[in-house]
Amino acid sequence: MPVPIMCGHETERDLSRDGSHYSLSSGILPSLGGRSNRRVKLRSSIVSPYDRRYRTWETFLIILVIYSAWVSPFEFGFLENSKGPLALADNIVNAFFAVDIVLTFFVAYLDRTTYLLVDDHRKIAVRYLTSWFILDVASTIPSEIALRILPPSLRSYGFFNMLRLWRLRRVSALFARLEKDRSFNYFWVRCAKLICVTLFAVHCAGCFYYLLAARYHDPSRTWIGASMAAFLERSLWDRYVTSMYWSITTLTTVGYGDLHAENTGEMIFATVYMLFNLGLTAYLIGNMTNLVVHGTSRTRRYRDTIQAATGFAQRNQIPERLQEQMVSHLSLKFRTDSEGLQQQEILDSLPKAIRSSISHYLFYSLVQQVYLFRGVSHDLLFQLVSEMKGEYFPPREDVILQNEAPTDFYILVTGSAELIDHRSGSEEIVRVAKKGDLVGEIGILCYRPQLFTVRTRSLCQLLRLNRTVFLNLVQSNVGDGTIIINNLLQYLKEQMDDPLMEGLLRDIETMLTRGRLELPLTLSFAVVRGDDLLLHQLLRRGLDPNESDNNGQTSLHIAASKGNEHCVRLLLDFGADPNSADSEGSVPLWEAILGKHEQVVKLLIDNGAQLSPGDMGHFACTAAAQNSIELLEDIIRYGGDVKAEKKDGSTALHRAVCEGNLRLAEFLIQHGADMDKPDHHGWTPRSLADQQGHDEIKALFDVVKAEGPNSGSPLPPPVRRFSSEPIMPPAVGDDIRPSSSSPFGALEKSEQARRENFHNSLFGIISAASFSNRQSHSGLLSTVAGPPRHVIGGGGQQQQPTNLQRVTISCPERRDTSAKLVLLPDSLQELLDIGSKKFGFAAGKAFTKDGAEIDDVKLIRDGDHIVLAGDESGRSNGHDSEKSSQST
């Protein structure tokens, strides 16, 4: 059956184990003798014609063919019967060829129509029997048997042996293969072939010519008998040498002074032989001429080219410097051609896939290090490298001229080049480009005349990339175009000490803003830069506002995380999805919450943004990883679930336990987190607390487990004065302390004695009296403060009385950037007096951070930031104060 040529990856070790796998040589299609990595699998009883062992067998047979080529004409002309060692050697050679006949029935053959190896036994046998089988068998029959088979008139010892010359076809195939084998020099292989043809012709002609004389009825009327009387009695060596002498002098047409034809038969043979010599001589001379001319044709073409270039320069009166550059370039081209450095010519002659693979192997690592392409995708780099053309430039040759149109840019592979500025009227070297540097890229990217002349300092190899090809590739890789522009801007910023580069940077930024740059830009690029004008232009061009990167992140995600309200509004106006989730499950609303951008959060919510489309478990775990109760409260406030689990089954409570944060764990349990919820690895928060040695958290879990989630008096639902403030659990009844029956009250029992001692002391009595006065003046205190929170850790257990309201005050008018944390007094005037003492000025008014004036202390909440101002300060000062406090 035909076996297709398949690509394989078998190693030599595999080949040694499985003899049915072989490497195909260049015999299928001419490849200059190169070995291919292709593998074919044949039937176990079939031998591949390209198997190395079979090739060795064929080479051994070639040696036997050379023996047959000499001995067959010799026996035909000089011997009449079989004689000792020569006859034995003939039979041994015949035996080897008989083995080859049998082996041929098991050798696959190549179908020249389909180029498939055929390993079917029946097809192999039919093909061989209908082609060379009869001649192979006839040439292998021993001479002794042939003498008995042939009729008496043909019973000559050497006549039947002449059939063995059929084996010479193997020698012809050998030379054809050697001529294509790059391991052998073509000139010497060709010369060896010509010598072998000549020697064989001389040998055969001499043997046949002697046979005419030996079989002639009158030996004295023969060419050898006329000069050598009784030649039949002379030694075999003398007769053979004489025959060869006649043959070689006849071939070279210089003889017949001593040996010439004596009878008609000899004259006819000599005539035919000389006619044959005409063709053979022409063949020899023609081949030798081609071999010699081939070695000198390049030099002749080079001389003609140089003379033509010189004549052209003289006729047109080209300056001497340009003449030198012309001659240098042509000389370099000749040298690279003659030394086998025809790099680009070789690549152009190959299929695109092979050419791309070679370019990738040679230049990918270099192009990857070029500053302009750092961070771009592998796909774009591969395409760029495949389209680059390698060129050589001799020293002191101009590669790019200043102010010429930008058509190509170059990467230096070897050598160095100068960047020259001619604006001042003289040549000023701006910098020297070395291996891996890029030249001409600014003109290409900004489509402006080239800034500098690029002149080589030494022999340089450059990679050239056409502008049109480059832009077409980048157009299909929009995200990489953004990276390229960022790399260019960063490079120009690093060159800010050069006024030219500084002005160029401003021009490029202006072109970006106006959308005049031909490189494709993404919405993300404009958002990252905070350029709402560029973003508006890109959106008006029809770019998809929901376009995402490889991680699923959209421009709205980036704008929300940066808190850029204008960009968020633009994207929403053009149809951006406010609930799009990236690969990690993050939504724009979460990015804004994470960045604490309240205005952006409000804007997103007004446009329908929610946390629910995202990965709630990821949000909660992120907040827990940051040890931020505020973020957890924000998740709850905006409709999220802090009990949700991540994809790996872990929850925020798992993370809180890993962080060892007791307050965080307490908050999560208050909001329904399950301490016995296992993750995908089987770990529960309780087992994690036990394994990591967090005794306080473990004690909290034990108390909750013992009391049960519904034991005692349940906590009433949380109350809020305003929808925007975080959720706080209200006090239960008149007692702000948790009852002993609540899950968290049991933790207070160990502190009960210490707290009672404090309340009975002088400091405790004073504190209680002060607290009663404040409570009477602020009816809302109990709803705001909520139950006390416990901080456990460090040196022991401490109670933090959160029933005392604390506020932060600042005074931007005094240019004091520090802020003070104070207890909230009973009246607004007392708060102003405290601020006057803290900052050394007469405070007359109090404002919120948003600039709203505060008229009553009851409007102030725990943790608020109060901005103090003088009597003359208005609302505008509040706004300025807000900015100052934010910077603080």
Side-chain angles (χ1 to χ4, degrees), residues 343-344 347 355-393 399-400 406-420 429-448 450-496 498 500-501 504-505 508 512 517-522 525:
Q343 181 168 277
Q344 193 57 47
L347 290 175
R355 185 169 65 246
S356 299
S357 299
I358 294 174
S359 298
H360 179 270
Y361 174 78
L362 293 176
F363 305 123
Y364 182 85
S365 58
L366 175 69
V367 177
Q368 193 177 26
Q369 300 302 320
V370 174
Y371 83 88
L372 195 64
F373 304 128
R374 289 175 185 167
V376 302
S377 66
H378 170 79
D379 294 340
L380 179 62
L381 276 179
F382 189 89
Q383 296 171 32
L384 289 174
V385 170
S386 301
E387 296 296 336
M388 290 181 178
K389 308 293 184 183
E391 296 181 355
Y392 285 94
F393 287 86
V399 180
I400 296 175
T407 56
D408 304 279
F409 65 89
Y410 298 83
I411 300 174
L412 268 75
V413 180
T414 58
S416 59
E418 299 171 345
L419 274 67
I420 303 173
I429 299 178
V430 177
R431 66 181 179 92
V432 176
K434 298 180 180 179
K435 177 181 178 180
D437 287 347
L438 202 60
V439 293
E441 78 282 7
I442 296 178
I444 294 295
L445 296 177
C446 303
Y447 197 63
R448 57 188 304 163
Q450 293 290 0
L451 299 179
F452 308 109
T453 293
V454 179
R455 183 177 300 161
T456 58
R457 302 181 69 180
S458 59
L459 176 63
C460 294
Q461 183 186 9
L462 304 175
L463 290 179
R464 176 175 58 86
L465 183 60
N466 182 263
R467 175 180 181 273
T468 303
V469 174
F470 171 71
L471 291 179
N472 289 340
L473 292 177
V474 176
Q475 289 288 349
S476 59
N477 297 269
V478 181
D480 291 324
T482 298
I483 297 175
I484 290 174
I485 285 296
N486 279 329
N487 290 339
L488 177 64
L489 295 176
Q490 181 62 32
Y491 172 76
L492 294 178
K493 288 177 182 178
E494 295 173 356
Q495 310 291 325
M496 288 294 287
D498 186 352
L500 178 62
M501 293 299 177
L504 184 62
L505 177 60
I508 294 178
L512 279 174
L517 212 61
E518 293 191 41
L519 280 176
L521 300 176
T522 61
F525 176 77

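Numbering starts at 1 and runs along the sequence shown. All values derive from a computational prediction rather than experimental measurement.
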- With a 4.0 Å cut-off, would you call R455 and E418 a salt bridge? no
- Message: Go through it in stages, so that I can follow the logic: the residues are I484 and L380, the test is side-chain contact (heavy atoms from CB on, under 4.5 Å), and I'd like the CA-CA distance, side-chain angles, deciding distance and then a yes or no.
- Response: CA-CA 11 Å; I484 290 174; L380 179 62; 4.2 Å; yes
Could you tell me the separation between the [atom1] atom of [X] and the [atom2] atom of [Y], rounded to the nearest 0.5 Å?
X	Y	atom1	atom2	answer
I442	L451	CD1	CG	5.5 Å
I400	L419	CD1	CG	8.0 Å
I411	Q369	CD1	CD	11.5 Å
Q383	H378	CD	NE2	9.5 Å
D408	L463	CG	CG	12.0 Å
Q461	K435	CD	NZ	10.0 Å

- Query: Short question: side chain of N472, backbone of V469 - any donor-acceptor pair under 3.5 Å?
  - Reply: no
- Message: Parallel, tilted or perpendicular, judged at 30° and 60°: which one describes the rings of F393 and Y410?
- Response: perpendicular
Shortest non-hydrogen contact between [X] and [Y], atoms and distance:
X	Y	answer
S416	C460	O-SG, 3.1 Å
V454	A417	CG1-CB, 4.0 Å
V432	D437	O-OD2, 4.2 Å
Y364	F382	CE1-N, 4.2 Å
S359	V385	O-CG1, 3.1 Å

Under a 4.5 Å cut-off applied to non-hydrogen side-chain atoms, are [X] and [Y] in contact?
X	Y	result
V474	D480	no
L465	M388	yes
F452	R431	no
L372	L445	yes
V439	L462	no
F409	Q450	no
N466	K389	no
Y371	E494	no

- Is it the case that more than 12 heavy atoms not belonging to R457 sit under 6.0 Å from its CZ atom? no
